[in-house]
Trainee: 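I have a structure I would like to understand better, so I am pasting it below and will then ask my questions one at a time.
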Amino acid sequence: MSDTPPNDDAAASGDHIGDHSDIDGGLTGSGLEAERARRTARLAELRDNGVEPYPYRFDRTHTLAEIRDEWGELEAGAETEAKVAVAGRMMLRRDSGKLVFGSLRDRSGEIQLFISRAVVGDEAFADVKELDLGDWLGVHGTVMTTRKGELSVKADRIELLAKAVRPMPDKWHGLTDTDTRFRQRYADLIVNADARRAFEIRHATVASFRRTLTDQGFIEVETPVLHVEAGGALARPFTTHHNTLDLDLHLRIALELHLKRLIVGGMERVFEIGRIFRNEGISTRHNPEFTMMELYQAFGDMTDVMAITEELIVNAARDALGTTVIEIQGLQVDLADPWPRARMVDLASEALGVEVHPSQPVEQLRALAEQHGVRWEQRWGGGKLVEELFEASAERSLVRPTFVTGHPTEISPLARVDRTDPWLTERFELFVDGRELANGYSELNDPAEQRARFEDEQAAKDAGDAERGSVDEDYLRALEYGMPPTGGLGIGMDRVAMLLAGVDTIKEVILFPTLRPEVES
RNA sequence: GCGCCUCUAGCUCAAUGGCAGAGCAGUGGACUCUUAAUCCAUUGGUUCUGGGUUCGAAUCCCAGGGGGCGCACCA
């Protein structure tokens with residue numbers, strides 16, 4: 001628990017407009033402060049009458065979806081003897097003299113409350129009139145339908161479970177200001193069904209991945225977030241510090257190196273779904289912290305993990321959406337269709353109309369880059385240039401799921417060299433909607449070669465490329481114990497969720513995306 | 001980091017150099033079958049902030065802040 005005093009209203013509200021207002025002075029008029037003052041005054045009034053406006057618990061008999069499942073087929077104008085207790089937030093009310101209709105919502109759905117003065121009595125009915133939109137209610141009553149057939153709970157007794165002292169956003173339009181939606185995700189979730197849906201899809205996707213992998217004998221593990229050296233990918237890390245060890249640490253940028261240590265340890269099939277952190281730009285496709293699923297399968301190679309990639313994503317679509325057909329850029333795409341595979345060098349060559357390959361003289365590739373408006377740097381070799389040319393020419397056109405294979409060795413320090421072409425590796429990336437979703441390879445397990453590759457990385461880092469890696473001696477020691485042939489895979493869970501939810505910014509699938517702190521005005 | 005766009009009542013939006021408005025929410029009233037309930041009345045503003053131009057600025061200009069999009073970086 002925090003050290004904040006219990007009545008520090010301003011700190012709890014986080015609302016800079018309200019911080020310097022006079023609550024008592026706001027009892028008349030309107031506006032946010034007057035509204036909060038009115039609702040807060042109601043709290044005091046309830047307590048004066050011996051009613052606790054924040055009770056400790058409520059025992060419900062049914063969720064609202066369960067009510068609908070059981071009684072959804074009742075004909076119009078039906079009354080039942082079924083006594084139920086339901087709980088939820090009051091979202092709407094329609095006041096009609098001695099009758100009040102309310103809309104109660106819980107996680108599972110909504111149901112109408114039918115509140116009659118003749119049933120609840122004058123006193124309780126007067127209390128109902130004092131309820132506000134947004135209040136949490138527990139309702140005891142019977143199941144009925146109205147004359148027009150609306151399934152309802154006819155209230156016998158209504159209990160306030162929690163008072164909302166702040167008004168809900170617009171009941172019809174919800175919240176549209178993206179800043180407010182992301183900062184006050186709680187309010188977004190209350191009023192925007194699309195926001196709730198995106199996170200349901202995300203949950204279903206993650207759950208589906210776990211199920212698919214568990215069914216295939218993968219073991220879920222958790223490895224350290226705090227690394228002495230952040231390796232396993234090319235990215236700039238966040239730095240933090242451990243006080244008692246007096247040690248600078250980095251937040252992980254990948255799961256890879258620890259998981260492969262577990263393959264050395266004989267765990268054979270492992271996966272982790274974990275948060276990783278990259279100290280780089282923020283965009284519609286990038287959040288500084290995001291979720292990766294990585295898996296490693298002993299005795300397999302790149303082709304095995306390509307098959308798993310398809311299976312994971314197709315299963316997730318079925319589990320989250322009930323269909324494998326989704327719309328991407330207006331195109332109907334059946335994810336269950338086989339995904340085309342093409343080498344990066346071939347895609348780039350085709351798009352550019354000229355053969356490209358990392359074995360070509362660097363000057364030639366630089367000239368090609370210039371020709372296509374690709375900015376290049378002196379320290380780049382042929383491999384990096386080929387990747388840049390691919391990204392500039394072909395990447396964006398990969399709308400349907402496509403496996404791009406054969407990444408240059410220069411940009412793949414942990415992948416095994418292609419058995420037919422020493423300039424390339426046995427690596428693939430999955431592209432959908434022009435975005436990279438997954439990355440996998442036949443894992444390099446020769447400790448001597450891995451050391452040489454690490455040393456190349458270290459040299460590049462020393463030469464000023466902050467994203468490059470360094471020599472991980474403990475990882476090399478692990479490889480010296482022997483790592484079996486292994487296929488490895490990483491999938492960006494946020495991007496899979498984006499794809500399945502049909503949203504175009506990563507902030508729609510991250511509950512609390514990284515934003516600048518709110519400023520005091 | 002650079003470029004473009006944006007910020008008006010609690011929420012959703014008008015007002016394009018001339019009195020800051022509407023709908024919802026709120027408040028008071030009517031209504032025992034409403035369902036974005038309806039009807040009557042009504043409260044509510046640091047127009048993101050600070051400067052400037054102008055007789056007059058939400059509106060034009062400058063600086064700053066938040067956000068969005070694009071570029072760059074990356075997944």
Side-chain angles (χ1 to χ4, degrees), chain A residues 15-18 26-39 76-77 91-103 110-119 125 132-134 144-152 154 164-184 187 190-192 233-236 253-254 276-292 373 375 387-388 391 429-431 435-439 466-467 490-496 498 504-507 513 515-521:
Chain A
D15 186 322
H16 51 270
I17 295 169
L27 278 169
T28 55
S30 182
L32 178 59
E33 279 323 303
E35 180 65 7
R36 287 176 67 204
R38 188 185 63 71
R39 294 188 184 208
M91 298 305 297
L92 294 172
R93 61 182 289 155
R94 297 172 289 282
D95 204 324
S96 175
K98 299 180 186 66
L99 199 55
V100 170
F101 299 90
S103 298
E110 280 194 24
I111 208 129
Q112 176 166 272
L113 298 178
F114 183 99
I115 307 163
S116 162
R117 186 160 94 171
V119 174
F125 195 73
D132 287 295
L133 296 185
M144 61 164 281
T145 54
T146 62
R147 285 173 203 163
K148 296 220 175 93
E150 181 74 32
L151 184 64
S152 308
K154 185 168 162 186
V165 296
R166 186 178 285 268
M168 296 293 110
D170 192 282
K171 69 182 181 184
W172 184 243
H173 300 95
L175 270 179
T176 59
D177 182 69
T178 49
D179 186 28
T180 311
R181 286 187 52 227
F182 299 147
R183 283 189 200 282
Q184 299 186 34
I190 291 169
V191 295
N192 291 331
L234 304 179
R236 299 169 65 177
I253 59 171
I276 67 180
F277 306 84
R278 298 191 181 175
N279 203 342
E280 283 163 355
I282 295 176
S283 77
T284 52
R285 292 168 292 281
H286 303 88
N287 196 61
E289 49 181 307
F290 63 105
T291 302
M292 283 271 274
R375 283 195 354 227
E387 185 195 33
E388 291 287 328
E391 285 178 3
E429 287 181 312
L430 170 67
F431 286 89
R435 287 194 283 261
E436 184 192 336
L437 245 62
N439 177 24
E467 286 168 10
I491 296 185
M493 298 306 295
D494 313 86
R495 292 201 176 165
V496 176
M498 285 171 70
D504 53 15
T505 159
I506 198 167
K507 291 186 171 74
L515 299 171
R516 277 200 173 77
E518 213 164 347
V519 289
E520 293 283 329
S521 58

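Here is how names work: the chains are called A, B, and so on, in the same order as the sequence lines, proteins then strands, and each is numbered from 1.
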Trainee: Please identify each residue that fulfils side chain to side chain donor-acceptor pair (under 3.5 Å) with A:T180, with sequence neighbours left out.
Mentor: A:D177

Trainee: Go through the structure and list residues passing side chain to side chain donor-acceptor pair (under 3.5 Å) with A:R516, not counting sequence neighbours.
Mentor: none

Trainee: CZ of A:R236: more than 12 outside heavy atoms within 6.0 angstrom?
Mentor: no

Trainee: Taking 4.0 Å as the cut-off, does a side-chain nitrogen or oxygen of A:R38 come that near to OP1 or OP2 on B:G26?
Mentor: no

Trainee: Ignoring hydrogens and angles, does a donor from either the side chain of A:D179 or the base of B:G68 sit under 3.5 Å from an acceptor on the other?
Mentor: no

Trainee: Applying salt bridge (charged side-chain N to carboxylate O under 4.0 Å, His left out), name anything that partners A:K154, two or more places apart in sequence or on another chain.
Mentor: A:E79

Trainee: Sequence neighbours excluded, which residues qualify as side chain to side chain donor-acceptor pair (under 3.5 Å) partners of A:R181?
Mentor: A:D188, A:E508

Trainee: Measure from the side chain of A:R495, starting at C-beta and using heavy atoms only, and say which of B:A75, B:C33, B:A25 lies closest.
Mentor: B:A75

Trainee: The side chain of A:R375 is closest to which nucleotide in this list: B:A72, B:G26, B:A36?
Mentor: B:A72

Trainee: Given the C1' atoms of B:C24 and B:C33, what is the spacing between them in whole Å?
Mentor: 23 Å

Trainee: Nearest-Å distance, CG (A:N279) to C1' (B:C73)?
Mentor: 11 Å

Trainee: Once you apply a heavy-atom cut-off of 4.0 Å, does A:L234 come out as touching a base, just sugar-phosphate, or nothing?
Mentor: sugar-phosphate

Trainee: Please tabulate the protein-to-nucleotide N/O contacts below 3.5 Å involving nucleotides 30-32 of chain B, giving atom names and distances.
Mentor:
residue: B:C31; atom: N3; partner: A:D95; partner atom: O; Å: 3.4
residue: B:C31; atom: N3; partner: A:G97; partner atom: N; Å: 3.0
residue: B:C31; atom: N4; partner: A:G97; partner atom: N; Å: 3.4
residue: B:U32; atom: OP2; partner: A:K98; partner atom: N; Å: 3.2

Trainee: Ignoring the backbone of A:H173, work out which of B:A75, B:C69, B:U12 is nearest its side chain.
Mentor: B:U12

Trainee: In chain order, what residues pass the side chain to side chain donor-acceptor pair (under 3.5 Å) check against A:D132, with sequence neighbours excluded?
Mentor: A:R38, A:K163

